[in-house]
Amino acid sequence: EGVILLDRFPKAQVDISVQVIQDDGSALALALTAASVALVNANIEIKDLVVGMALRFLDNSNVLVDPTAQEEYGDFSKYSGGAGFYMAVLPSLAQVAYLKQTGKIEQSQARDCVETCWEACLRLANCIKSILQGSIEDVDR
């Protein structure tokens, strides 16, 4: 199910296109977040923000949140699989909209990675909401 409140736009078609000019890492997560913010900016009503995050699991003591391209795509074969996680959440609704894992790790480690991604998404969502609220207040002045 989509995030756009389609019943508010019964005869409309909403197309979202994101062009990545340069991938410095976490491009999918950033594209999901940017698309959500663009919808808000265009005054298209949505259920909640979509906030994306990428994570690279190296081993029990090394987890990279929002990895650079080199960290995301680099050769980490010396670690246990070098798994990647991509998550998008609807923070106010406490729902996961997208979750993808690459590489192999233990189930308990995967659970920890999902929790870390979730917490990072919530922190980012608070930042985005604060910025959006500030821009609304600027318009009202």
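Nothing here was measured: the structure is a model prediction, and the numbers come from that model.
Remark: Lys104 NZ to Gln109 CD distance equals 14.0 Å, nearest 0.5 Å. Annotation: the span from Ile44 atom CD1 to Phe9 atom CZ amounts to 5.5 Å, rounded to 0.5 Å. One finds the CG atom of Asn43 at 7.5 Å from the CG atom of Asn41 (value rounded to the nearest 0.5 Å). Annotation: the span from Leu122 atom CG to Cys127 atom SG amounts to 11.0 Å, rounded to 0.5 Å. The line from CZ of Phe57 to CG of Asn62 is 9.0 Å long, rounded to the nearest 0.5 Å. The CG atom of Asp7 sits 11.5 Å away from atom CD1 of Ile4, with the distance rounded to the nearest 0.5 Å.
Considering all non-hydrogen atoms of both residues, Asp48 and Val3 come closest at O-CG2, 3.1 Å. Closest non-hydrogen pair, Lys47 versus Gly2, comes out as NZ-O, 3.1 Å. Among all heavy-atom pairs drawn from Glu71 and Arg56, the shortest one is O-NH1, 3.3 Å.
Criterion: ILVMFWY side-chain heavy atoms under 4.5 Å apart, direct or through other members. Under it, Ile16 and Leu30 are not part of a common hydrophobic cluster. When the side chains of ILVMFWY residues are joined at heavy-atom separations under 4.5 Å, either directly or via intervening members, Leu5 and Ile46 end up in two distinct hydrophobic clusters. The cluster map of Ile, Leu, Val, Met, Phe, Trp and Tyr, joined by side-chain heavy atoms under 4.5 Å apart, puts Val65 and Val96 in the same cluster.
Ser36 places none of its side-chain heavy atoms less than 4.5 Å from the side chain of Val51. In this structure the side chain of Leu55 never reaches within 4.5 angstrom of the side chain of Met53, judged on heavy atoms. A heavy-atom distance below 4.5 Å is not found between the side chains of Tyr98 and Val89. The shortest side-chain heavy-atom distance between Leu132 and Leu49 falls under the 4.5 Å cut-off. Contact annotation: the side chain of Val37 approaches that of Ile128 to within less than 4.5 Å [non-hydrogen atoms, C-beta and beyond]. Looking at Asp23 and Tyr73, their side chains come closer than 4.5 Å, going by heavy atoms from C-beta outward.
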Practice task
Starting from the C-alpha separation in whole Å, work towards a yes-or-no answer on side-chain contact (heavy atoms from CB on, under 4.5 Å) for Trp118 and Arg123.
Solution key: CA-CA 9 Å; Trp118 178 265; Arg123 285 193 306 271; over 6 Å; no
Practice task
Verify side-chain contact (heavy atoms from CB on, under 4.5 Å) between Gln133 and Ile131, making sure each step is shown before the conclusion.
Solution key: CA-CA 5 Å; Gln133 185 63 37; Ile131 291 167; over 6 Å; no
Exercise for the section: Evaluate the criterion side-chain contact (heavy atoms from CB on, under 4.5 Å) for residue pair Val50 and Leu90; output intermediate values, then yes/no. Expected result: CA-CA 5 Å; Val50 178; Leu90 306 175; 3.5 Å; yes
Exercise for the section: Please report the C-alpha distance between Glu45 and Arg8 in whole Å, then the side-chain angles of each, then the deciding distance to 0.1 Å, and finally whether the salt bridge (charged side-chain N to carboxylate O under 4.0 Å, His left out) criterion is met. Expected result: CA-CA 8 Å; Glu45 294 181 56; Arg8 309 282 170 91; 2.2 Å; yes
Exercise for the section: Run the numbers on Phe85 and Val114 for side-chain contact (heavy atoms from CB on, under 4.5 Å), then give the verdict. Expected result: CA-CA 8 Å; Phe85 284 84; Val114 168; 4.2 Å; yes
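Panel note: side chain Ser26, backbone Ala29; no donor-acceptor pair is recorded below 3.5 Å. With hydrogens and angles disregarded, a donor-acceptor distance shorter than 3.5 Å links the side chain of Thr33 to the backbone of Gly52. Between the Glu119 side chain and the Thr116 main chain, no donor and acceptor come within less than 3.5 Å of each other. Not one N or O on the side chain of Ser130 forms a donor-acceptor pair closer than 3.5 Å with the backbone of Asn126. Under a 3.5 Å cut-off, the side chain of Gln101 and the backbone N or O of Gly103 do form a donor-acceptor pair.
For Gln107, the CD atom is loosely surrounded, since the number of other residues' heavy atoms within 6.0 Å does not exceed 12.
Side-chain atoms of Ser92 and Lys129 include a donor-acceptor pair closer than 3.5 Å.
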